[in-house]
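One structure below.
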Amino acid sequence: MAKTFDLVVKGGTLVNHSGIGKADIGVQDGKIARIGSIDNADAGETIDVTGLHVLPGVIDSQVHFREPGAEHKETLATGSRAAVLGGVTAVFEMPNTDPLTTNAEALADKVARGRSGMFCDFAFYVGATRENITELPDLERLEGAAGIKVFIGSSTGNLLVDDEESLSRILAVISRRAAFHSEDEARLIAREGIRRHGDPTSHTEWRDPQAALIATEQLLRLAHEHGKRVHLLHISTGEEMKLLAAHKDVASVELTPQHLTLTSDEAYASLGNKAQMNPPLRDASHQEILWWGLHQGIADVLGSDHAPHTLEEKAEPYPASHSGMPGVQTLVPIMLDHVNAGRLTLERFIDLTSHGPQRIFGIACKGRVACGYDADFTIVDLKTRRTIEDEWIASVCGWTPFAGRTVTGWPRGTIIRGRRVMWEDEIIGQSGGEPVRFLEALSA
Ligand code: DOR
């Protein structure tokens, strides 16, 4: 008798651990049940994806969705709608909300909100403070926890742990890989005078490569001392990338599409304050080394650092203008355009957006198109040529730094645990997000 599936994804070109080739995928109970040629199957639903590529679900391991506390910028519902419209199946969200996600109650509150209103799957980082260090070993194991996030340099919000003693105490107590915003606070404070009123180009001068390098050197030294794994978020400088190559035992590395795509000179000229983010955009000489790090395998994952602020907040005169730009919806099209331009292969893309997060964060049953894994797929049309417009952006902030850019390669569908969540720019059905599970916290 023919095998029964709830869903068959049929006729597409699958990109997974085996390479790139034609394959159908049978899904049962939200899990991948068979990969290969599936004919005459009894399937509840069949999706014909002839001419399209089926990728493992894209995981964006750094977003700021602002709920609770700043819902005028974004909510968990709107941010996750933006995610699935952009082909993203799961996000790791950051703790600089209000209240901060620094204790079990705040985390449980976000998980409950995620369950009731998010369209993609999710995990939430727990922020480290000087006060919650002894609780971190319990917090990092709770349901829905992506791990611990530490701001070594201050950015949006007031999370900051900038003294070596506290950083050392954090690394001593935690066991999972923790994520770091690595800029040296003392240097940022000492050089505040470099900022010129109304001139966002001075943002890149102020938060200079040295500020990033000093903090990253310190963090790597402490990681070795404690034998702990550290995840360096949004690496922006060539110096750090070269240094990180010598520390792959302890360090994993994130790159953002904006640092790979926009250079400081051009971006400030065309976007003004919209280009302001932390760590800042850099010049082409740094960007070249980031791409080198991507090709050499030093970079492990891509994160969008989706950091929505309203146009009014961005338009305040620098330095009152807010740092950060949205990105969860544009990660896939921007990077597929780089694939089409020959800057990276499709295999490397899925390594950065699915296999990489699965490997370094120990995600249970996500990040691979393999039997037994969640049926999360990002279905893309590599040939679609389309211009990114502000009107397409579902984020409350309603703008993108990539507006007006014509790209080749577009997400056509988002399938999460066997459920079609987005198809051809339309969100289908209700929210249905679930917490991502991690190998180091399976009992959570
Ligand atoms: O530019 C940034 N904005 N960098 C960060 O680290 C935080 C983010 C935000 O939350 O706005």
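Along the sequence shown, residues carry numbers from 1. Quick caveat, the model's predicted, so the values are computed rather than measured. When reading the values below, keep in mind they use all heavy atoms of this one structure, side chains included, and skip hydrogens, waters and symmetry mates. Read the numbers this way: they start at 1 and go in the same order the structure lists the ligands and their atoms.
- Shown here for Glu74 and Val396, the closest heavy-atom pair between the two residues is OE1-N, 3.0 Å.
- Listed by number with element, the atoms of ligand 1 under 4.0 angstrom from any heavy atom of His181 are 6 (O).
- Ranking the protein heavy atoms by distance from atom 7 (C) of ligand 1 puts Ser155 OG, 3.3 Å first.
- Protein heavy atom closest to atom 3 (N) of ligand 1, with residue, atom name and distance, is Ser323 O, 2.9 Å.
- Considering all non-hydrogen atoms of both residues, Trp206 and Arg195 come closest at CE3-CD, 3.5 Å.
- Taking a cut-off of under 4.0 Å to the non-hydrogen atoms of Arg66, the atoms of ligand 1 that pass are 9 (C), 10 (O), 11 (O).
- Within the 6.0 Å centre-distance limit, the rings of His247 and His224 are counted as a close aromatic pair.
- The two atoms that bring Thr97 and Lys110 nearest to each other are OG1-NZ, 3.2 Å, heavy atoms only.
- The closest approach between a heavy atom of Met325 and any atom of ligand 1 is not below 4.0 Å.
- The number of heavy atoms from other shown groups lying within 6.0 Å of CD (Gln210) is above 12.
- Distance from atom 4 (N) of ligand 1 to its nearest protein heavy atom, with residue and atom name: Asn278 O, 2.8 Å.
- Each of the following atoms of ligand 1 lies closer than 4.0 Å to a heavy atom of Ala307: 3 (N), 8 (C), 9 (C), 11 (O).
- The pair Glu205-Arg196 counts as a salt bridge, with a side-chain nitrogen and a carboxylate oxygen less than 4.0 angstrom apart.
- Listed by number with element, the atoms of ligand 1 under 4.0 Å from a non-hydrogen atom of Met277 are 1 (O).
- Of all protein heavy atoms, the one lying nearest to atom 9 (C) of ligand 1 is Thr156 OG1, 3.1 Å.
- For ligand 1, the atoms lying closer than 4.0 Å to a non-hydrogen atom of His309 are 11 (O).
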